There are 2 protein chains.
Amino acid sequence: MELSCKSEYALLALLELADHYSSNEPLQIRQIAAEQNIPDRYLEQLLATLRRSGLIRSQRGAKGGYVLAREPWKITLSEIVSSIEGTDTHSSEYREAKSLEGMVIREVWQEAGQAAIAVLQKYTLQDLMEKRNSRQQLDLMYYI
Amino acid sequence: MELSCKSEYALLALLELADHYSSNEPLQIRQIAAEQNIPDRYLEQLLATLRRSGLIRSQRGAKGGYVLAREPWKITLSEIVSSIEGTDTHSSEYREAKSLEGMVIREVWQEAGQAAIAVLQKYTLQDLMEKRNSRQQLDLMYYI
DNA sequence: ATAAAATACGGTGGAGAACCGGGATATACT
DNA sequence: AGTATATCCCGGTTCTCCACCGTATTTTAT
């Protein structure tokens, strides 16, 4: 439903890491932030979250930076979003419903949420890259 | 994804109105709030939003209150939620993406959102009532 | 007229989003 | 060994929205 700035930043950053995945060299926060127009001090926090979730690995010190922990086709968008968005402690699922109506509502809501997650599960970082690349191809065709 | 307190309150209130729909008598805020344990001054705002969306009708003055604008089987959950949640002025759809990556991300996100909305569209207030009633039946069976 | 209801307007406290800074820590290179 | 370069960790700030409360004003049935 709501695409928060947080999730979009994280996706953009991981997409950037996916682009440089074959080079086997770590990317620094500064580079990612500059490339995708993301405030670097904020991106730092997001990358920390993604690292704790095991989606990326970090190397400290000079020549350090971040790399994907897995291949781009093994990381689904659902993992990314739940890593970033799933840190809030008391979500709607945890505060339980007291009435029968409340339970029924939550069931339907959960079904809707699952439908959305299913979509995010079928897309990987690789898929996004290919989607973007074919789009770029199209823009080029129109330009010529 | 996130079931806000707002949407749940609105659904509970409309469910209450649906229960009394056949009586053709308006329900007051106080009654709904007391029945569903909703703070009445807050519910008042939500009902105002639902009225402006044309989902309920209000009658002012003594013996006044609220009634559904349509039959319970003609009101989908998607209408209710989008009425309540869709009031925020600058959502993610309105701040446009500048990069190619951003556009691709938004497309996937929109696909996920549509999947969730599709679920909410296939349920009506009537469906929720029946779901709850059959659940109550089950509880009774276990009790005996 | 009077009481009962919605309506309009304003305000408060808390939480999370979206940032910014400073210092501690780890690492490569010379 | 020393220094530059990076992450990491601890804060704080501003802003917006949520959830909620109070006080009036307007409308309507009796």
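A, B, ... follow the sequence lines: proteins, then strands. Residue 1 opens every chain. Small disclaimer: the values here were computed from a predicted structure and weren't measured.
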Worksheet item: Taking only N and O in the side chain of Tyr9(B), is any of them less than 4.0 Å away from OP1 or OP2 of dC20(D)?
Response: yes

Discussion item. Please tell me if Ser58(B) has a side-chain N or O lying less than 4.0 Å from either OP1 or OP2 of dA5(C).
Written reply: no

Practice prompt. Spell out, as yes or no, whether a donor-acceptor pair under 3.5 Å connects the side chain of Glu8(B) to the backbone of Ile105(A).
Written response: no

Worksheet item: Backbone N or O of Leu3(A) within a donor-acceptor pair of the Ser7(A) side chain at under 3.5 Å?
Response: no

Response to the item:
Atom CD1 of Ile56(B) and atom C1' of dT7(C) are separated, to the nearest Å, by 13 Å

Discussion item. In this structure, how many angstroms lie between the C1' atom of dA8(C) and the CZ atom of Arg51(B), rounded?
Written reply: 11 Å

Practice prompt. Assess whether one donor atom and one acceptor atom, taken from the side chain of Arg60(B) and the base of dT26(D), lie less than 3.5 Å apart.
Written response: yes

Applying side chain to side chain donor-acceptor pair (under 3.5 Å), name anything that partners [X], two or more places apart in sequence or on another chain.
X	value
Asp127(A)	Thr124(A)
Arg51(B)	none
Glu111(A)	Lys122(B), Tyr123(B)
Gln126(A)	Glu130(A)

Discussion item. Counting only heavy atoms and a strict 4.0 angstrom limit, can you tell me which residues of residues 25-38 of chain A come near DNA chain D?
Written reply: Gln28(A), Ile29(A)

Response to the item:
Expected list for residues 39-48 of chain B near DNA chain D, using heavy atoms below 4.0 Å, is Pro39(B), Arg41(B), Tyr42(B), Gln45(B)

Which residues pass the salt bridge (Lys or Arg N to Asp or Glu O under 4.0 Å) test with [X], not counting sequence neighbours?
X	answer
Arg52(A)	none
Glu101(B)	Arg132(A)
Glu44(B)	Arg41(B)

Item to complete: Tell me which of Gln59(A) and Gly64(B) sits closer to the 5' end of DNA chain C, going by the nucleotide each one is nearest to.
Response: Gly64(B)

Practice prompt. Specify the residue among Gly61(A) and Lys63(B) whose closest nucleotide of DNA chain D lies further upstream toward the 5′ end.
Written response: Gly61(A)

Worksheet entry | Candidate nucleotides dT7(C), dA29(D), dA8(C), ranked by approach to the side chain of Arg52(B) - the nearest | dA8(C)

Worksheet item: How would you list, by chain and number, every residue that makes a side-chain contact (heavy atoms from CB on, under 4.5 Å) with Arg30(B), sequence neighbours excluded?
Response: Asp40(B)

Fill in: Qualifying salt bridge (charged side-chain N to carboxylate O under 4.0 Å, His left out) pairs with a residue from residues 59-78 of chain B, counting only residues at least two apart or across chains
Arg70(B)-Glu79(B), Glu71(B)-Lys74(B)

Worksheet, complete the sentence: Base-pair string, DNA chain C, Watson-Crick plus G-U, cut-off 3.5 Å on both distances, | for inter-strand, is ||||||||||||||||||||||||||||||

